[in-house]
Structures are given as C-alpha cells and as structure tokens.
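Step one of this worksheet: look at the structure below.
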Amino acid sequence: MRYMSTRGRAPALSFEDVLLAGLARDGGLYVPETWPRLAPESGGDWQRLAGLSYAELAVEVMRPYLGGAFAEDFAALVDDAYRGFGHAAVAPLVQTGSNEFLLELFHGPTLAFKDFALQLLGRLLDSTLRRRGARATVLGATSGDTGSAAIEALAGKDAVEVFMLHPRGRTSAVQRRQMTTVTAANVHNIAIEGTFDDCQALVKGAFNDLPFRDGLNLSAVNSINWMRVLGQIVYYVYAALRLGAPHRQVAFAVPTGNFGDVYAGYAAERMGLPINRLIVATNRNDIVARALAKGDYSAGQVEPTISPSMDIQVASNFERLMFDLVDRDGAAVSAMMEAFQKDRAFHLPPGAVARASALFVGASVDEATTRATIGQVHRETGVVIDPHTAVGVAAARRHRPDPSIPVVVLATAHPAKFPEAVEAATGVRPSLPPRMADLMERPERYITLPNDLASLQHHVLAVTKERS
Ligand SMILES: *Cc1c(COP(=O)(O)O)cnc(C)c1O
C-alpha cells in the first residue's frame, strides 16, 4: 500500500513515511492509492469481524493500510493503545431513542474521540523513530481537544519534541489545562494571539518552509496526518457491526470541524461498510455544510460557540474528499486550493456536489438548538451530553434518512469537558472522572506568542537546540 498526494506533485510514500511526514511536500494531503475491502472473501468474513474485541477489530481494519510496516509488533501496540480506556467496550453504544444511538468516544485519557487515533499514533511514531535511531519535532495546532490528546500520547516519548499551539483564550479552561498541566520535559505549549485558523496557518507555514521542516524533522499529528484518519475508521465498523451490518444499513451523524472524523466514515464506506448516510453536523461555523449543499467553500470569520472544537472556517480534511469527487485529479485540487489561498473561496464543480450528496448531507445547528438538545436528551433519557455531541443529535433528528435505519451519533467529548454549557442546559454539573479531579488546581506551563511565523520558528529552533 502506497500513499499519494491530493495535489499530485509529491512522490508516493509508504505508510511509515506518511506517518512521519504528515503534510505532503506539494502542500497536499496523503491518501491511500486504493481502498482495501473490509470483507473481501464472503459473508463469513463479516461474521468473524463481528466477533472481535475493539482492539482485535482495529488490527484487522488497519492492517491492509500498513503495507507490512510494524509486522509482528502492530497487534501489541494497538492493544496497549486501547488498554488505558475507561470502558471495557472502548467505544460503547448507548440508545437514546427509537433507532437512535450514541457512540461514546470519550473514554480515553483526555475524554474526547481524538484519543482513538492519537494514542496509537504516539506509539507508532515512537516505535518508528527508535528503530531508525532518529528524532522528530511534532508541531500541531489545536482548537482544544487535539492538543491534549497529542500531548497525552507523546509526553515522555523522548524521540519526539512536541510544540502545541492553541488560540489564546478560545479553548475551555478544562481543555487548556489538560495540555498546560502536563509537565513532561518534551512538551511545549504555546498560546497564539489569534484564532484556531491562525494557529493552523502557522503550522502550515512552518511545514511549507522546507529547510525548517527538514532541519527539525518536522512531523504533524493534527488531523492532516493520515494516521489520524486511519485510527478513526475502526469505530464506524465496530458500531455498524453491532447494529446488524452488513445485513442492515446504518447512518452516522458526525459533529464536524476539520472534517477528519467524518472523512474516516467515508473511508469506512469506501471499504464496503453499508453506510446509508453521513450527516455532517456543524455549528454556525458552517463552511462544510455550505460546501456540501451548494458547492460554496468560502471562509468567513470564525465565530465562537459553545462547541469550540468545531469553531473553524477552514476544514483541512475536506481536500481529501474533494480529491475523490474530482476523480483524483491532483491538478484540479491544486487549482481550487490555490484559488482558496488567494480569495478564501472556491466553488466545487456541480458534478462533485451531486456526487457528494449521494452519501453526505450537511447540517448547521445554531446555539439555541444545541442548548435545547442537551436539555431535551437529558429530560428524555437521563443521558448528559456535551455541546459537540448535541450538535450531532440535533442534526441527526433533523436529517435522518429513514426511521427504520439506525442512526449513530458520534459522542465526541465527555460532558465534563464543557461543564458550564452542560449545567446551564440541564441543571446538572457533570464531574470529571476521579483520575482528573484535581485538574483545576494543578500548575500550568505555557508561553504566549504573537500570530507571526518568524517568532514561532525562532522559538521552536531555540527550544529544540537547548534540548538536544
Ligand atoms: C475535534 C473535535 C470535533 C471535530 O472533529 P473533526 O475531525 O475536526 O471534524 C468534534 N467534537 C470534538 C469534541 C472534537 O474534539
């Protein structure tokens, strides 16, 4: 299995090289050259998959993408990655209505779904670097949950130096503290005077500076890294198998920001999982919902919401879907992305919009509806959901294709990560699990930098030099 860039001008790479590189050298994102089939043989394969534990299924689903990498070690690394989750099922399903389910993806160490990919990514990265006798610098941008999940996955892994940017004052206190209270010497938190999109642009800028990138062996763990997508395909398969796939179709509603999680659902569908509909649920930062409805991919201002991990105007992973929608024409993707660079906008060709609408439906959910949905789910079922999950539930209830088809809403964060919004809607203050109960008292460590690439690069170089 090799990986190709969505912009068509970077060399094809192996799984390990893509893991280390993150972004392709032509500015594109890596995608697999082909989609492996989940059950290539016959019905018997599906039956076997349905009987596996989460970790066993993860090995089966991901192995075809590795091209032989990590041979015997892979199963042990996967097992280790999911052993620390706080629920025996790893990703339990909870019913919240007639044919409506939540897939709880918040039982990992940082209480959000990003642990699924990052716990594994950290182990694979460390293992690869140590085998090669190399070091790497991880540079990432986070609107909240990625940062803590990456830091938790890489803290103390001394082959890696971690620099994590977050938009100053725009993450919740719990989200910030999950990053800034980690004291491992290889972890460096930076608050940027700007938005998440500014942080992400700085990371892209640093990666596009090839001498800087090569000098530091720069690596990305934010959602452009292929491994982030791969680690998220598994739970779509796991949930669908539990609800009767392949004999029964399933729909998913996915709280969406950077389009990484829902793109993993698309990958699962490409692999042969019978997904009837992917409901792309955004808050009022609705660039992806507009792109899917009308082909209008145009960035406005980021508007803060009570679901801050989805407060973006540039959905990086959307480029991966675009690539398929234009028949994997790298030059066409390049042209659209160049237009976007210049004008902050482009239009998808009408054919591409029609094609996307066969599987995807976009839905933007406003703040009042999000709050009301948290309250409604609590009153109806006693289940307390976080604001991101509530965006998913609201979108699912509005757009589910057919009441006879089960709809699974991805519960992307634990409600205790957003206690104010949840308490306001339900009257219940969700509490953190005991292992994190003293989070608000732990000392924090981070520095603040302006929204300026040169200052960031100067800082990263100075710290890396001091640490080597
Ligand atoms: C990151 C995140 C999202 C958005 O996921 P994308 O892959 O960026 O679309 C949704 N909810 C929560 C809680 C998140 O942390």
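Read the numbers this way: they start at 1 and go in the same order the structure lists the ligands and their atoms. Only heavy atoms go into these numbers, but all of them, side chains included; no hydrogens, no water, no symmetry mates.
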Taking only non-hydrogen atoms of M310 and a 4.0 Å limit, the atoms of ligand 1 in range are 10 (C)
With a heavy-atom distance limit of 4.0 Å, tell me whether K417 approaches ligand 1 through its side chain, its backbone, both, or neither. neither
Checking N285 side chain against Q313 main chain: does a donor-acceptor pair fall under 3.5 Å? no
May I ask you to check whether E193 and T448 show a side-chain donor-acceptor distance below 3.5 Å? no
Side-chain ion pair, D198 and R168, N-O less than 4.0 Å: no
Crowding at CD, Q341 (>12 non-hydrogen neighbours, <6.0 Å): no
Just let me know how F113 lines up against ligand 1, side chain, backbone, both or neither, with a heavy-atom cut-off below 4.0 Å. side chain
Using a 4.0 Å cutoff against the non-hydrogen atoms of P255, which atoms of ligand 1 qualify? 4 (C), 10 (C)
For ligand 1, find out whether one of its N or O atoms is nearer than 3.5 Å to an N or O atom of Q232. no
Sidechain-backbone polar pair: R277 side chain, A253 backbone, donor-acceptor under 3.5 Å: no
Do F116 and F113 make the cut of ring centroids closer than 6.0 angstrom? no
Ligand 1 atoms nearer than 4.0 angstrom to some heavy atom of F259 are 6 (P), 8 (O), 9 (O)
Check ligand 1 against G260 and write out every atom of the ligand that is under 4.0 Å from a heavy-atom position of the residue. 6 (P), 7 (O), 9 (O)
K114 versus ligand 1: do any nitrogen or oxygen atoms come within less than 3.5 Å of each other? yes
Side chain or backbone, does N258 bring an N or O within less than 3.5 Å of an N or O on ligand 1? yes
Without hydrogens or angle criteria, can the side chains of K114 and Q232 be said to hold a donor-acceptor pair below 3.5 Å? no
Could you tell me whether some N/O pair between D386 and ligand 1 is separated by less than 3.5 angstrom? no
Aromatic F85 / basic R83 pairing, under 6.0 angstrom, 45° off normal: no
Could you list which atoms of ligand 1 come closer than 4.0 Å to a heavy atom of A413? 13 (C)
